[in-house]
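These notes concern the structure reproduced below.
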Amino acid sequence: MESPNPLKLYLIAGEASGDLHGKNLLISLKELHPGIQVRGVGGDGLQSQGMELICHIKETNFMGFTQVLANLGKIKRLFKDVKADVLQFKPQAVVLIDYPGFNLRIAKWFKEQGIQVFYYISPTVWAWKKNRIHKIKARVDKLFVILPFEKPFYAKEGYEVEFLGHPLLDEIAGKTFHREETRRQLLDPDERLVALLPGSRKQEITRMLPQMLAIKDRFPRSRFVVAAAPSMDPELYAELIGNADIPVLRGHTYDLLAAADAALVTSGTATLETALFGVPQVVCYAANALSVRIAKWLIKVKYISLVNLIMDREVVRELIQQDLRPEPLAAELRRLLDDPKRKAQIKADYIELRSKLGEEGASRRIAAKILELIDN
């Protein structure tokens, strides 16, 4: 029999990676606390688990400083809509997932309302705007981090956070991926498969996919296949690909990675997903000139990909901004496809990377901890 006062949780995930991790967290929350009611901001993943959306991430997934400035009106309306919805819904707690530009600001308001605030996936304070640590301490009841180096980083700042493993391990563990079927459907027997993961935001895809496709003709024995972001309009890919014979797979990114011989990947969560599938990769990234100038002034890390950040060394090649040109991109892809030593070294590094991410079951452990902490 359902409780007359069910647990109500609000959840805000403004980007595709947050929606993925939020989905897995919600699965565990529902298993551990049947009858939990959840509303908020998210994407197809959270919606598939029964979360009532007041806004879909396709309306919130902005990239870079200039895009945020251009969409300030939408962001302000979202603040207003969330506040009104929360006052009506009356949740006991909120889980804020990544998306720090929005979530750290609205965390202050949640705290003022007497609502417990849990933050899942740390803002990149170790990379830039370190002063945000003070805001996190003041506004967040418990921060759950997913990168192993973040716990000691926060400890040096006198802030205790929880590292309970990386949730991507749960997304992949124990599942069957259709490697042979995917290769049979897409490839001739003598072809190699190059997966293209151009990102999850329209701005990323528009900027990155043409760069990746520019080297296609240099690899006549390789089949280039695009992994489409679930929330993105198929017409966008059709416009960018034109008449080229480039398959686009939607909803089968992991099958594609399981089948791939190499990958070209836009920096983000996808770099870690690609590594967990053991696929040699080139990490690509380019933004508009203003965003890059601002980022260079603010950001204080050696690498941009999660693979290299976690390993604290260059495991995979990063081609950023002016370095992202057809010649170096093609040269590195050729090494990944044809150089056995290069492939073997990356595979060995990936095994070490996997060991740093903790044990499987992070989503369930985080869900259990949140439920334990609510009102305690």
Side-chain angles (χ1 to χ4, degrees), residues 3 5-15 17-19 21-33 36-42 46 51 54 78-79 82-83 85-126 129-167 358 361-376:
S3 167
N5 296 303
L7 176 61
K8 294 182 178 181
L9 193 66
Y10 213 80
L11 199 152
I12 301 177
E15 299 171 301
S17 60
D19 180 60
H21 297 317
K23 178 197 74 172
N24 287 328
L25 179 66
L26 184 51
I27 289 171
S28 292
L29 285 167
K30 288 165 60 181
E31 289 174 350
L32 294 169
H33 195 101
I36 189 172
Q37 296 181 11
V38 185
R39 287 177 62 83
V41 179
L46 281 162
M51 186 170 105
I54 70 155
L78 182 58
F79 270 103
V82 167
K83 290 176 181 179
D85 192 55
V86 166
L87 292 175
Q88 183 177 17
F89 184 54
K90 295 181 172 58
Q92 287 97 319
V94 58
V95 179
L96 306 173
I97 304 180
D98 203 1
Y99 202 51
F102 184 92
N103 277 339
L104 271 184
R105 287 178 61 197
I106 204 161
K108 182 174 183 288
W109 180 83
F110 275 105
K111 197 72 173 173
E112 290 168 351
Q113 305 307 307
I115 298 169
Q116 279 187 290
V117 179
F118 302 107
Y119 208 113
Y120 180 29
I121 306 177
S122 170
T124 54
V125 292
W126 35 267
K129 295 179 74 171
K130 189 175 177 181
N131 64 324
R132 289 179 294 177
I133 293 174
H134 304 297
K135 292 181 179 179
I136 296 170
K137 285 183 177 181
R139 301 173 186 182
V140 174
D141 293 293
K142 179 60 72 174
L143 172 61
F144 298 92
V145 302
I146 64 172
L147 300 176
F149 60 81
E150 291 176 318
K151 187 175 176 68
F153 169 84
Y154 277 106
K156 288 180 182 178
E157 302 299 322
Y159 187 43
E160 183 183 347
V161 302
E162 294 271 6
F163 173 66
L164 299 173
H166 200 291
S363 298
R364 190 174 183 86
R365 288 191 291 273
I366 294 166
K369 191 67 176 179
I370 288 172
L371 293 172
E372 174 191 327
L373 292 172
I374 288 178
D375 292 329
N376 286 345

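Being a predicted model, the structure only gives us computed values, none of them experimental.
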Side chain to side chain donor-acceptor pair (under 3.5 Å) partners for [X], two or more places apart:
X	value
Q92	none
K137	none
T124	W128
N24	E171

query: Under a 4.5 Å cut-off applied to non-hydrogen side-chain atoms, are F110 and Q116 in contact?
result: no
query: Would you call L26 and L46 a side-chain contact if the rule is heavy atoms closer than 4.5 Å?
result: yes
List for me each residue that meets side-chain contact (heavy atoms from CB on, under 4.5 Å) alongside [X], sequence neighbours excluded, and say none if there are none.
X	result
A368	L32
K108	E112, R139
Q113	L87, W109, I115
N103	I12, L96, Y99, I106, Y119

query: Roughly how far, to the nearest 0.5 Å, is CZ of R364 from CD1 of I27?
result: 11.0 Å
query: Going from OG on S363 to OH on Y120, what distance comes out if it is rounded to the nearest 0.5 angstrom?
result: 4.5 Å
- prompt: Looking at residues at least two apart in the chain, or sitting in another chain, which of them share a salt bridge (Lys or Arg N to Asp or Glu O under 4.0 Å) with R365?
  reply: none
query: Who passes salt bridge (Lys or Arg N to Asp or Glu O under 4.0 Å) against K30, sequence neighbours left out?
result: none
statement: Hits for ring-ring contact (aromatic ring centres under 6.0 Å, His included) against F149, two or more places apart or cross-chain, chain-then-number order -> W126
message: Given the ring of F89, does K8 sit roughly above its face, with NZ or CZ under 6.0 Å from the centre of the six-membered ring and within 45° of the axis?
response: yes
Hey, can you pull the donor-acceptor pairs under 3.5 Å for the side chains in residues 151-163, sequence neighbours left out?
from	atom 1	to	atom 2	distance (Å)
K151	NZ	V161	O	2.7
Y154	OH	S122	OG	2.6
E157	OE2	K130	NZ	3.0

